[in-house]
*Asks:* 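Take this structure, written in structure tokens, and hold onto it; I'll ask about it next.
Any value given below was found using the heavy atoms of this structure, including those in side chains, with hydrogens, waters and symmetry copies removed. Since this is a predicted model, take the numbers as computed values, not measurements. The chains referred to below are lettered A, B, ... by the order of the sequence lines, with proteins before strands, and numbering in each begins at 1.
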Protein chains: 2
Amino acid sequence: MTDNLQIKMDDFLPLRDVVFNTLRQAILTGDLKPGERLMEIHLADKLGVSRTPIREAIRKLELEGLVIMIPRRGAEVAQITEKSMNDVLEVRQSLDALCVELACDRITAEELENLKRACVGFELAVKTKDTKKIAQADVALHDIILKATGNDRLINLVNNLAEQMYRYRFEYIKDATQHDMLVEEHRQIYESIVKKDKDAASKAAWTHIENQKKAIIHQIRLDQESK
Amino acid sequence: MTDNLQIKMDDFLPLRDVVFNTLRQAILTGDLKPGERLMEIHLADKLGVSRTPIREAIRKLELEGLVIMIPRRGAEVAQITEKSMNDVLEVRQSLDALCVELACDRITAEELENLKRACVGFELAVKTKDTKKIAQADVALHDIILKATGNDRLINLVNNLAEQMYRYRFEYIKDATQHDMLVEEHRQIYESIVKKDKDAASKAAWTHIENQKKAIIHQIRLDQESK
DNA sequence: TATATATATCGTGTATACAAAAAACACTTA
DNA sequence: TAAGTGTTTTTTGTATACACGATATATATA
């Protein structure tokens, strides 16, 4: 573990939530590596809190599947395998398709306008070739669709699944050869939603994730080989 | 809260997990009612443990959405609204459709054989008119399909969503007028999987949940009115 | 009687203490 | 040297202690 694990005294959240967010971020960004043990006193010292909030945070990470518990041995960061990532992406594919279908039914005129702007925003971001900007524009666009579904449970699940791929998403977006395809995929999704064509929208969303799936699995295989 | 909240010294699980399971069950079966406060010392006394495992269990319930946290006031059992249940069922509809599609691709000959037996088993259970038996046969059947997907993440999510409707499922199954329809729906799903007809399977699963959705929403409205 | 203010009570949030299990280590013996 | 055994260390699991915020209660004053 690199030592840039530091608590952000963001706000008035209970310590357990601050710790939870900190550890979560550290795992998702790869700062805490798969297989690494999470030792309570160690983390407590590092974050300047007692074991109690650490333990409560770990309980949540456990339920999220980001760490696995070994009895009487504590928590360690869950391994990411090709299989586990494929499982996640299969589910996302299905849920993203559901998202756009629901969006067709429920999106408001104002949200549709925002979505249009977000598409243009993404295109502009791509032109800057700034990976961070592209990623942000991508998130913004997807957030609009998510919100338009009006289904809180769905929003939660999709956000959670999306975060599981955080580590690989960046690699994916960095790959400039994909950029035109991404713009086109977004355009198709947008157009389908405008036309309230659920079938087309769902297919477009499916393809969108399918491409990500291919790219991410490819990346994982590269990672595996380099070991 | 009725007082039949008692710890099951099931096994060698850490207390936090025993408490988690106990509270979870109590919430899902309606023994702990929506809006009811979960007070730590109170629960700790009742279950004969200290506050620590109680708190850790609550953290997990929090992430699962079964309780909501109010800062400096503690946890209370989350309300079930028509909206929240509809949200859950929309997602389940999508994921159950995914389940049978994946099952079409991946089910083994042996599992297919089991599925056939489970269909017959369900038909027999229906004839006994014993609600508990019917529910069990239903779970058994769905478990076979779930397992056949080979997607662990999906299995987790679907099981979790299914449990959220636990309270209403029983009412649904009790309703004898639905029984023939249920048998028929299961038959259609089975047949489609045999034929590896993903489209038909997915539609059948969708309808299967759609009917449950109607029944459950109906039930919730009745509950609301009686208040 | 009604309102405001002081005080007590209750419950969470966090830290610490203690027990027991597991792992690491050293020592003995064949 | 290798295997077995006893001992120490580390780390989790659980209980308890303490502080502080929030609410309720009681008292005083208009």
*Asks:* Can you tell me the distance, in whole Å, between the NE2 atom of B:His42 and the P atom of C:dC10?
*Replies:* 14 Å
*Asks:* Could you tell me how far apart B:Ile58 (CD1) and C:dG13 (C1') are, to the nearest whole angstrom?
*Replies:*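 So the two atoms are 13 Å apart, to the nearest Å.
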*Asks:* Take B:Arg117 and B:Asn114, measure what side-chain hydrogen bond (donor to acceptor under 3.5 Å, both in side chains) needs, and give me the verdict at the end.
*Replies:* CA-CA 5 Å; B:Arg117 264 199 292 276; B:Asn114 289 339; 2.9 Å; yes
*Asks:* Kindly determine whether A:Leu63 and B:Phe20 satisfy side-chain contact (heavy atoms from CB on, under 4.5 Å), including the steps that lead there.
*Replies:* CA-CA 11 Å; A:Leu63 202 76; B:Phe20 174 64; 4.1 Å; yes
*Asks:* If we call it a pair only when both distances are under 3.5 Å in a Watson-Crick or G-U wobble match, what pairs with D:dA17?
*Replies:*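 Paired with C:dT14.
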*Asks:* Assess, by modelled atom type and distance only, whether the side chains of A:Gln164 and A:Arg92 contain a donor and an acceptor separated by less than 3.5 Å.
*Replies:*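 No, because no side-chain N or O of A:Gln164 sits under 3.5 Å from a partner of the opposite role on A:Arg92.
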*Asks:* Evaluate the criterion side-chain contact (heavy atoms from CB on, under 4.5 Å) for residue pair B:Leu28 and B:Arg24; output intermediate values, then yes/no.
*Replies:* CA-CA 6 Å; B:Leu28 291 175; B:Arg24 192 163 194 285; 3.5 Å; yes
*Asks:* Quick test of your reading of the model: are A:Glu56 and A:Arg59 salt-bridged, counting only N-O distances below 4.0 Å?
*Replies:* no
*Asks:* Assign a letter to each nucleotide of nucleotides 8-18 of chain D from its 5' end: B, base within under 4.0 Å of a protein heavy atom; S, sugar-phosphate only; -, no contact.
*Replies:* ---SBBBBBB-
